[in-house]
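In what follows, a single structure is set out as structure tokens and then discussed.
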Amino acid sequence: MKDNRLIKRALEAAEKAWAPYSGFRVGAAVLLEDGTVVCGNNQENRAYPLGSCAERVAINYARANYPTLRIVAIAIASPDSKPPTSPCGGCREVLLEAVRAQQGEDIRVIMSDRSENEIREAMATDLLPWAFECDGR
């Protein structure tokens, strides 16, 4: 799937976001290795910590429903942002967990502005240098 189609899916998902408190709608589109695309959007709550980011909604849905398929890429976009939308720190941790503990292969992260004129790309492992690690004890 071409990046621009994945970005369009993220923007479509953002249109359905529940963001009455911040007014900042975000969409994410996850591309799985078989070509399946799973979308998510942010879901806010009055108790802010109980809300969910678009990236986590999409990644967790993909892991719950397609646990054997590798995540190849994720596109993130917001119709409410001029600069490209970047994942928050918590979402970067979730992406890194998918890479390190679940699938062992890096995930391409595509970040777009609302008009798809400026697109940034990075690998999930590059978005969180010196990430938290635990030896499992």
Side-chain angles (χ1 to χ4, degrees):
M1 173 174 270
K2 299 224 184 259
D3 289 354
N4 62 340
R5 289 180 61 201
L6 201 59
I7 292 166
K8 283 187 189 316
R9 295 285 303 272
L11 284 167
E12 288 169 4
E15 294 293 338
K16 301 172 195 160
W18 177 250
Y21 308 106
S22 71
F24 187 70
R25 301 165 296 165
V26 179
V30 169
L31 175 63
L32 302 176
E33 65 185 335
D34 72 346
T36 299
V37 175
V38 173
C39 295
N41 48 41
N42 57 320
Q43 299 294 312
E44 293 182 351
N45 188 279
R46 284 182 187 160
Y48 269 93
L50 299 180
S52 296
C53 296
E55 300 92 326
R56 283 184 274 154
V57 169
I59 291 167
N60 289 334
Y61 184 90
R63 301 307 307 159
N65 291 282
Y66 304 95
T68 62
L69 295 180
R70 184 174 64 85
I71 297 171
V72 176
I74 182 170
I76 307 158
S78 171
D80 303 319
S81 178
K82 185 170 181 353
T85 305
S86 176
C88 73
C91 289
R92 291 172 190 221
E93 288 282 359
V94 169
L95 281 162
L96 207 56
E97 178 79 6
V99 170
R100 289 185 175 164
Q102 295 171 327
Q103 66 185 38
E105 292 184 45
D106 218 338
I107 298 169
R108 209 162 54 93
V109 182
I110 305 155
M111 300 158 277
S112 177
D113 68 348
R114 65 181 167 218
S115 60
E116 301 174 59
N117 290 329
E118 185 179 350
I119 298 170
R120 296 179 185 157
E121 184 178 321
M123 299 306 287
T125 54
D126 294 330
L127 290 176
L128 195 60
W130 309 294
F132 173 79
E133 292 201 44
C134 176
D135 65 5
R137 289 186 233 163

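Since the model is a prediction, treat every value here as computed from it, not as a measurement.
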List the atom pairs, donor and acceptor, that lie under 3.5 Å between side-chain atoms in residues 115-122 and the rest of the protein, sequence neighbours left out.
| unit_1 | atom_1 | unit_2 | atom_2 | d |
| --- | --- | --- | --- | --- |
| Ser115 | OG | Asp113 | OD2 | 3.3 |
| Ser115 | OG | Asn117 | ND2 | 2.9 |
| Glu116 | OE2 | Lys8 | NZ | 3.2 |
| Glu118 | OE2 | Arg120 | NE | 3.3 |
| Glu118 | OE2 | Arg120 | NH2 | 3.0 |
| Glu121 | OE1 | Arg108 | NH1 | 3.0 |
| Glu121 | OE2 | Arg108 | NH1 | 3.3 |

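Inter-residue side-chain proximity for Leu95 and Ile59 is flagged as met; some heavy-atom pair is nearer than 4.5 Å. Here the side chains of Ile110 and Ser112 are not in contact, with every heavy-atom distance at 4.5 Å or above. Side-chain contact check for Ser78 versus Arg114: every heavy-atom pair is 4.5 Å or farther apart. Cys53 has its side chain out of reach of Pro87: every pair of non-hydrogen atoms, C-beta onward, lies at least 4.5 Å apart.
Separation of atoms CZ (Arg63) and CG (Leu69) is listed at 8.5 Å; rounding is to 0.5 Å. Going from atom CD1 of Ile76 over to atom CD1 of Ile7 covers 10.5 Å, rounded to the nearest 0.5 Å. If you take CG on Leu31 and NZ on Lys2, they are separated by 13.0 Å, rounding to the nearest 0.5 Å. A distance of 11.5 Å separates SG in Cys91 from CG in Leu128, rounded to the nearest 0.5 Å.
With hydrophobic clusters built from ILVMFWY side chains whose heavy atoms lie under 4.5 angstrom apart, Val57 does not share a cluster with Val72. No path of Ile, Leu, Val, Met, Phe, Trp and Tyr side chains, each step under 4.5 Å between heavy atoms, connects Leu11 with Val38, placing them in separate hydrophobic clusters. Hydrophobic clustering (ILVMFWY, side-chain heavy atoms < 4.5 Å, transitive): Val30 and Leu127 are in one cluster.
Phe24 CZ: more than 12 foreign heavy atoms inside a 6.0 Å radius.
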* Asked: Could you walk me through whether Val37 and Leu6 pass the side-chain contact (heavy atoms from CB on, under 4.5 Å) check?
  -> CA-CA 8 Å; Val37 175; Leu6 201 59; 3.9 Å; yes
* **Worked check of side-chain contact (heavy atoms from CB on, under 4.5 Å) between Ile107 and Ile74** => CA-CA 7 Å; Ile107 298 169; Ile74 182 170; 4.2 Å; yes
* Test log, rule side-chain contact (heavy atoms from CB on, under 4.5 Å), inputs Gln103 and Ile71 -> CA-CA 8 Å; Gln103 66 185 38; Ile71 297 171; 3.7 Å; yes
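Side chain of Asn42 to backbone of Arg25: no donor-acceptor contact under 3.5 angstrom is found. Side chain of Glu44 to main chain of Gly51: no donor-acceptor pair is present (N/O by atom type, distance under 3.5 Å, no hydrogens or angles).
Gln43 and Asn41 form a side-chain donor-acceptor contact under 3.5 Å, judged by distance and modelled atom types alone.
With sequence neighbours excluded, the residues that form a side chain to side chain donor-acceptor pair (under 3.5 Å) with Arg92 are Ser86.
Scanning both residues, Gly40 and Ala58, for their nearest heavy atoms gives N-CB, 3.7 Å. Ala75 approaches Ala10 most closely through the heavy-atom pair O-CB, 3.6 Å. Counting all heavy atoms, side chain and backbone alike, Val26 lies closest to Ala14 at C-CB, 3.6 Å.
For residues 46-58, the side-chain hydrogen bond (donor to acceptor under 3.5 Å, both in side chains) pairs, not counting sequence neighbours, are Tyr21-Arg46.
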